[in-house]
Enquirer: 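Just dropping this structure here.
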Amino acid sequence: MSSQTAIGIDIGGTGIKGALVDLATGALLTDRVKLPTPKGGRPADIVETTRVILERVSATAGVTDVPVGICFPAIVRHGRTMSAANVSKKWIGLEAAALFARSLGVPITFVNDADAAGYAESQFGAAQGVEGVVILTTLGTGIGTALLNDGVLVPNTELGHLQIDGVDYETRASYSARERENLSWSAWAARLQKYYSILEALFSPDLFVVGGGVSKHHDDFLPLLALHTPIVPAVHKNNAGILGAAALAVKDLD
C-alpha cells in the first residue's frame, strides 16, 4: 500500500471517533477526535456530529483533500443502510452514503463497521499477509463478522445471526450474553466452542480473528477452545474501524 493518507471515521452506538491514518503503516497521524453519539441516533444528528469530527481532524492534520472513509453499525448495500444497531430505526432503507457526502461536502466511502475492522486486521493486523479465508468476529453487544478471502472483503456477512439451538446465536455467545447471565469464562467458552465449530464446518477458514473489547482478555477464553483453525486476538481493537474505513476509502480510488 502506498504512503497515502486518509481520514477514517467510526460511528458507534455510544461514540463517534475519527483520525488521519498513514496507510503505509496503519498508524494514526493525529490524536483520535471522539464525541458522544447523539441521543436517539437520528440521521441528521449523527451526520452533524460526523461533520464536526471531520472538521476537527482536518484542521489538526492541516489537510483538506484526502479520502474519507466512514464505517457504520448497519448492513450497507450500495450506500444504503439496510439495518440499524443501537441507532435510530430511521436509518433503515436510507440512502446514507449520499446523505453523508452531501452534508460533509466531500466524496466518501461508506461501509459496515465489522467489515472495516476485518479489513483493518487484514491490512495492518492479525490477518496481514494471511492467504485464504479469514473470519473476524467482534464479540460485544452482539457478534459482528467480516469475511475475507486472500485479503478481499466479502461485505455484509451477518454470521452472528446464525440459527443455532433455535435462536440467533449472538443472543447466547456475545460478550453481553456472558455479562447478562454472569457466565464464567469456561461456561462462555463452551458456547463459543459451539459457535466457532459451526463456522468452521461451514467455511473451512484458515484463520479466526477475535475482536471487540473482550479481546484484551483473550488469555481467559481463547485457550479453552478446541478448533482445527488457528484463532487469535485482533491487534487494533478500538482503532480498527478508523483504520479499515480509511484503508477502504483509498482502495475505492484504485
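Model, not experiment: these values are computed from the prediction.
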Enquirer: If I compare all heavy atoms of A146 with all of A114, which pair ends up nearest, and what's the gap?
Expert: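 Smallest interatomic distance, heavy atoms only, reads CB-O, 3.3 Å.
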Enquirer: Could you pull out the closest heavy-atom pair between V76 and N156, with the gap in Å?
Expert: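 What the structure gives for the nearest pair is O-ND2, 2.6 Å.
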Enquirer: Give a yes or no on whether a salt bridge exists between D45 and K39, defined as a side-chain N under 4.0 angstrom from a carboxylate O.
Expert: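 Answer for the salt bridge query: no.
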Enquirer: Does any N or O in the side chain of H236 come within less than 3.5 Å of the main-chain N or O of A120, such that one atom is a donor and the other an acceptor?
Expert: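 Checking the backbone N and O of A120 against the side chain of H236, no donor-acceptor pair under 3.5 Å is found.
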Enquirer: Check whether N149 reaches the backbone of V152 with its side chain - one donor and one acceptor, N or O, closer than 3.5 Å.
Expert: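 It does not hold such a pair.
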Enquirer: Is there a side-chain contact between I135 and V209 in this structure, where contact means two heavy atoms from C-beta onward sitting under 4.5 Å apart?
Expert: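 Sidechains of V209 and I135: no contact.
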Enquirer: Give the ring-plane orientation class for H217 versus W185, where under 30° counts as parallel, over 60° as perpendicular and anything between as tilted.
Expert: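 Answer is tilted, since the angle falls between 30° and 60°.
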Enquirer: Show, in sequence, the C-alpha distance, side-chain angles and deciding distance for T30 and V21, and conclude whether the side-chain contact (heavy atoms from CB on, under 4.5 Å) test is met.
Expert: CA-CA 8 Å; T30 61; V21 177; over 6 Å; no
Enquirer: With a 4.5 Å cut-off on side-chain heavy atoms, are L222 and L225 touching?
Expert: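 Result yes, sub-4.5 Å side-chain heavy-atom pair found.
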Enquirer: Do the side chain of T229 and the main chain of L207 share a donor and acceptor less than 3.5 angstrom apart?
Expert: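 A pair under 3.5 Å: no.
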Enquirer: Could you go through the side-chain contact (heavy atoms from CB on, under 4.5 Å) check for L54 and I7 one step at a time?
Expert: CA-CA 8 Å; L54 177 59; I7 291 173; 3.7 Å; yes
Enquirer: Output all residues satisfying side-chain hydrogen bond (donor to acceptor under 3.5 Å, both in side chains) with S58, sequence neighbours left out; order by chain, then residue number.
Expert: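 Testing S58 for side-chain hydrogen bond (donor to acceptor under 3.5 Å, both in side chains), a comparison that skips the adjacent residues, returns none.
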Enquirer: Should T60 and D31 count as side-chain neighbours, where that means a heavy-atom distance under 4.5 Å?
Expert: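 The answer is no; the side chains never approach within 4.5 Å.
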Enquirer: Is any side-chain heavy atom of D113 closer than 4.5 Å to a side-chain heavy atom of I11?
Expert: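 No, too far: nothing below the 4.5 Å cut-off.
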Enquirer: Restricting to non-hydrogen atoms, name the atom on A249 and the atom on G69 that form the minimum distance, rounded to 0.1 Å.
Expert: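 Closest heavy-atom pair between A249 and G69: CB-N, 3.6 Å.
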Enquirer: Return the CG to OG1 distance between L147 and T157, rounded to the nearest 0.5 Å.
Expert: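 Between L147 CG and T157 OG1, I get 5.5 Å after rounding to 0.5 Å.
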Enquirer: Is the shortest side-chain heavy-atom distance between V133 and L148 below 4.5 Å?
Expert: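 They are not in contact (no side-chain heavy atoms under 4.5 Å apart), so the answer is no.
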Enquirer: Report the C-alpha separation of R191 and E181 in whole Å, then their side-chain angles, then the decisive distance to 0.1 Å, and conclude whether the salt bridge (charged side-chain N to carboxylate O under 4.0 Å, His left out) test is met.
Expert: CA-CA 12 Å; R191 297 186 182 187; E181 299 180 44; 2.8 Å; yes
Enquirer: Kindly say whether H228 contributes a backbone atom to a donor-acceptor pair with the side chain of E200 at under 3.5 angstrom?
Expert: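 Answer holds: yes.
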Enquirer: Apply side chain to side chain donor-acceptor pair (under 3.5 Å) to the pair T137 and Y195, showing each step before the final yes or no.
Expert: CA-CA 11 Å; T137 59; Y195 177 66; over 6 Å; no
Enquirer: In Å and rounded to the nearest 0.5 Å, what is the CG to CG distance from L199 to L192?
Expert: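 Separation between the atoms: 10.5 Å.
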Enquirer: Measure from the side-chain N and O atoms of Q128 to the backbone N and O of E121, and report whether any donor-acceptor pair falls under 3.5 Å.
Expert: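 Looks like no, no N/O pair under 3.5 Å.
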Enquirer: Which atoms form the tightest heavy-atom contact between P38 and I16, and what is the distance?
Expert: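 Minimum heavy-atom contact is CD-CD1, 4.2 Å.
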Enquirer: Is it true that a side-chain atom of R178 and a backbone atom of W188 form a donor plus acceptor pair closer than 3.5 Å?
Expert: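 Side chain of R178 to backbone of W188: no pair is present.
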Enquirer: Do the non-hydrogen side-chain atoms of V250 and P67 ever get within less than 4.5 Å of each other?
Expert: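 The answer is yes, as the side chains (C-beta and beyond) meet within the 4.5 Å cut-off.
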Enquirer: So do the side chains of F72 and V111 get within less than 4.5 Å of each other, counting heavy atoms only?
Expert: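 No, every pair of side-chain atoms sits at 4.5 Å or beyond.
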Enquirer: Test side-chain contact (heavy atoms from CB on, under 4.5 Å) on K237 and S215 and set out the steps.
Expert: CA-CA 8 Å; K237 300 181 176 67; S215 62; 3.7 Å; yes
Enquirer: Would you mind reporting whether I242 and K17 have side-chain heavy atoms less than 4.5 Å apart?
Expert: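 A side-chain contact exists here, since the closest heavy-atom pair is under 4.5 Å.
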Enquirer: What distance separates F221 CZ from I231 CD1, expressed to the nearest 0.5 Å?
Expert: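 F221 CZ to I231 CD1: 7.5 Å, rounded to 0.5 Å.
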Enquirer: About how many Å separate CZ of F124 and OH of Y119, when rounded to the nearest 0.5 Å?
Expert: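 Output value for this atom pair is 8.0 Å.
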Enquirer: Between S176 and T141, is there a donor-acceptor pair closer than 3.5 Å when you use the side chain of the first and the backbone of the second?
Expert: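 Confirmed, S176 side chain pairs with T141 backbone.
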Enquirer: Side-chain atoms of residues 166-173: list all donor-acceptor pairs with protein atoms under 3.5 Å, sequence neighbours left out, distances to 0.1 Å.
Expert:
unit_1 : atom_1 : unit_2 : atom_2 : d
D168   : OD1    : Q163   : NE2    : 2.5
D168   : OD2    : H161   : ND1    : 2.6
E170   : OE1    : I143   : N      : 2.9
T171   : OG1    : D168   : O      : 2.6

Enquirer: Rounded to the nearest 0.5 Å, what separation is found between the CG atom of L136 and the OG1 atom of T145?
Expert: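 Here the interatomic distance stands at 8.0 Å.
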Enquirer: Return each pair, listed once, that meets side-chain hydrogen bond (donor to acceptor under 3.5 Å, both in side chains) where at least one residue sits in residues 64-92; pairs must be two or more places apart or across chains.
Expert: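 The answer is R80-E95.
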Enquirer: T5 and L29: side-chain contact (heavy atoms from CB on, under 4.5 Å), yes or no, with the steps?
Expert: CA-CA 9 Å; T5 60; L29 296 175; 3.5 Å; yes
Enquirer: Is atom CZ of R56 surrounded by more than 12 heavy atoms (other residues, nucleotides or ligands) closer than 6.0 Å?
Expert: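 It does not: R56 CZ has 12 such atoms or fewer within range.
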Enquirer: Check whether any side-chain N or O of D150 sits under 3.5 Å from a backbone N or O of G132 as a donor-acceptor pair, and report yes or no.
Expert: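 Answer holds: yes.
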Enquirer: With rounding to the nearest 0.5 angstrom, report the OH to CG distance, Y196 to L227.
Expert: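 Reported value, rounded in 0.5 Å steps: 9.0 Å.
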